Structure formats: C-alpha cells, structure tokens
Amino acid sequence: KNQVEQSPQSLIILEGKNCTLQCNYTVSPFSNLRWYKQDTGRGPVSLTIMTFSENTKSNGRYTATLDADTKQSSLHITASQLSDSASYICVVSPGVGGYNKLIFGAGTRLAVHP
Amino acid sequence: ETGVTQTPRHLVMGMTNKKSLKCEQHLGHNAMYWYKQSAKKPLELMFVYSLEERVENNSVPSRFSPECPNSSHLFLHLHTLQPEDSALYLCASSLFFEGESYEQYFGPGTRLTVT
C-alpha cells in the first residue's frame with residue numbers, strides 16, 4: 001500500500017536553532033517528492049520538489065534531501081525563525097499518469113518559540 | 001498568495017442546512033481539485049475536474065456535490081452534513097497536459113464546522 005509516514009508528529013524548538021524533519025515512503029513507482037509548508041488556517045505552499053535523480057534541494061534556509069534507495073527524505077531548517085511555525089507536509093507522486101494522485105503524509109507540526 | 005481563492009473562509013452550519021463552498025483560480029490552469037483535511041490526518045482527495053469534466057470521485061458521500069461551470073471556478077455544494085464532516089476543505093488547481101498533471105497550487109481553505 002502506498003504510504004507516506006512523517007516524524008516527529010510535532011516538534012518545539014527555540015528560535016535560531018536548527019531542526020530536521022523526516023519522511024519515509026513506500027510509494028511505488030516514484031516520480032517526485034515535495035515538501036509543503038502549511039501555515040495555520042492557510043493552504044499548503046510548495047517548498048521543494050525532488051525527482052528520483054536528485055538527492056538534495058535548497059530553498060533559502062530549507063534544505064531537503066532524498067535517498068531513493070531507502071525511500072527516505074528529510075527537511076532541514078537552519079537558523080529557525082518564528083515564522084517557520086507551521087505544519088510541514090511530505091507529498092509523494094507515483095507519477096503513473098492520470099490526475100497525479102498525490103500521496104500525502106500527515107505532517108509535522110513545528111512550533112518555534114522565542 | 002497562490003492565485004487560488006476560496007470563500008467563505010469559515011462556515012458553521014447545522015446538519016439540515018444547505019450551503020456551498022466556492023473556489024476560483026487565476027492561474028490559467030485546466031484542472032481543479034477538492035481535498036478534505038481533518039486534524040492530524042493526511043489530505044484526502046475528494047474530486048477532480050479537468051476541463052470542467054469530473055474525472056475523479058473518491059467514494060465521497062452524496063451529501064457533497066461538486067460543480068465546475070468553467071475552468072476557473074469550482075463549487076462544493078453541501079447538504080445534510082454530519083458532525084464528522086467538520087474539517088478544512090481545500091481547493092487546488094494545476095495544469096494537466098498530455099496525460100500528466102503538474103504542480104498543484106492550493107487555496108487557503110474553508111474551515112467548516114457542522115453542529
């Protein structure tokens with residue numbers, strides 16, 4: 001069964017600290033993996049997208065990694081800011097055509113405290 | 001802003017009410033989606049429309065009725081809902097071309113509470 005598991009479920013860190021969020025997936029075949037940021041009361045916004053051949057992608061203070069062999073991805077946030085408080089959702093696309101039935105993780109809720 | 005707007009942002013309705021959610025995209029996309037997001041659960045795809053034709057219906061109860069009058073607008077008509085239908089309802093849009101869909105852009109969602 002295609003699944004995306006994220007850990008931890010929630011995380012609290014102090015402003016300025018770094019953190020790493022994990023995503024494990026069992027989706028096959030695999031086309032790409034995205035990390036989304038979802039602020040409270042808002043829709044998800046894409047941070048990064050990686051295909052099978054990419055193993056790292058950065059977007060400012062956000063760096064995503066992908067190990068397609070072990071089917072694991074991580075999102076590293078450096079020098080966290082209060083505005084990083086949000087849910088981070090890992091999304092995998094099977095890429096089998098059609099309407100791109102994305103497989104969503106349940107998300108990691110990050111709280112950055114001053 | 002992502003170019004996808006949703007109204008209303010918040011809605012409280014009784015189980016006997018009829019209401020509608022509206023979504024509009026300004027991105028020139030040709031596919032639109034409805035998702036349900038419940039607390040601590042992954043997003044669940046409900047419906048997909050491509051070129052105003054419904055192409056996906058993921059076993060959604062008939063008390064949810066979608067409508068897509070054109071490629072820029074999408075509605076979700078609600079009637080006789082249950083308390084467990086309370087959730088964040090997200091609309092998204094994307095390009096769909098030659099059998100492949102591209103990145104989905106999400107609206108801000110409608111927070112629905114059924115009393």
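Quick note: numbers below take in every heavy atom, side chains included, and nothing from hydrogens, waters or symmetry partners. Chain naming here is simple, since letters A, B, ... match the order of the sequence lines and numbering starts at 1 in each. Quick caveat: nothing in here was measured; it's all calculated off a predicted structure.
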Working for side-chain contact (heavy atoms from CB on, under 4.5 Å), residues R109(A) and K40(B): CA-CA 9 Å; R109(A) 182 171 294 278; K40(B) 299 183 180 180; over 6 Å; no

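Note on M13(B): it clusters hydrophobically with F64(B), by side-chain heavy-atom contacts below 4.5 Å among ILVMFWY residues. Cluster membership for Y62(A) and L33(A), using ILVMFWY side-chain heavy atoms within less than 4.5 angstrom, is shared. Note on V114(B) and F75(B): separate hydrophobic clusters, where clusters join Ile, Leu, Val, Met, Phe, Trp and Tyr whose side-chain heavy atoms are under 4.5 Å apart, directly or indirectly. Cluster membership for V27(A) and L75(A), using ILVMFWY side-chain heavy atoms within less than 4.5 angstrom, is shared. L11(A) and L14(A) fall into different hydrophobic clusters, defined by Ile, Leu, Val, Met, Phe, Trp and Tyr side-chain heavy atoms under 4.5 Å apart, directly or through other members.
Using a 4.5 Å cut-off on side-chain heavy atoms (C-beta onward), R9(B) and R42(A) make contact. Within the 4.5 Å cutoff, the side chain of I89(A) has heavy atoms near those of the Q37(B) side chain. No side-chain heavy atom of Y33(B) sits under 4.5 Å from any side-chain heavy atom of L102(A).
More than 12 non-hydrogen atoms from other residues, nucleotides or ligands lie less than 6.0 angstrom from NZ of K71(A). Counting heavy-atom neighbours within 6.0 Å of E84(B) CD, excluding the residue itself, gives a total above 12.
The minimum heavy-atom distance linking P42(B) with F104(A) is given by the pair CB-O, 3.3 Å. Counting all heavy atoms, side chain and backbone alike, L90(B) lies closest to P44(A) at CD1-CD, 3.9 Å. In terms of heavy atoms, Q104(B) sits closest to Y36(A) at O-OH, 3.5 Å.
Rounded to the nearest 0.5 Å, atoms OH (Y105(B)) and OG (S46(A)) are 7.5 Å apart.
Interface remark: of the candidates G41(A), S10(A), G107(A), S87(A), G41(A) forms the most heavy-atom pairs closer than 4.5 Å to chain B.
Only the side chain of L88(B) comes within contact range of chain A, with at least one heavy atom under 4.5 Å from a heavy atom of that chain. Residue contact with chain B, scored on non-hydrogen atoms closer than 4.5 Å, involves the side chain of Q38(A) exclusively.
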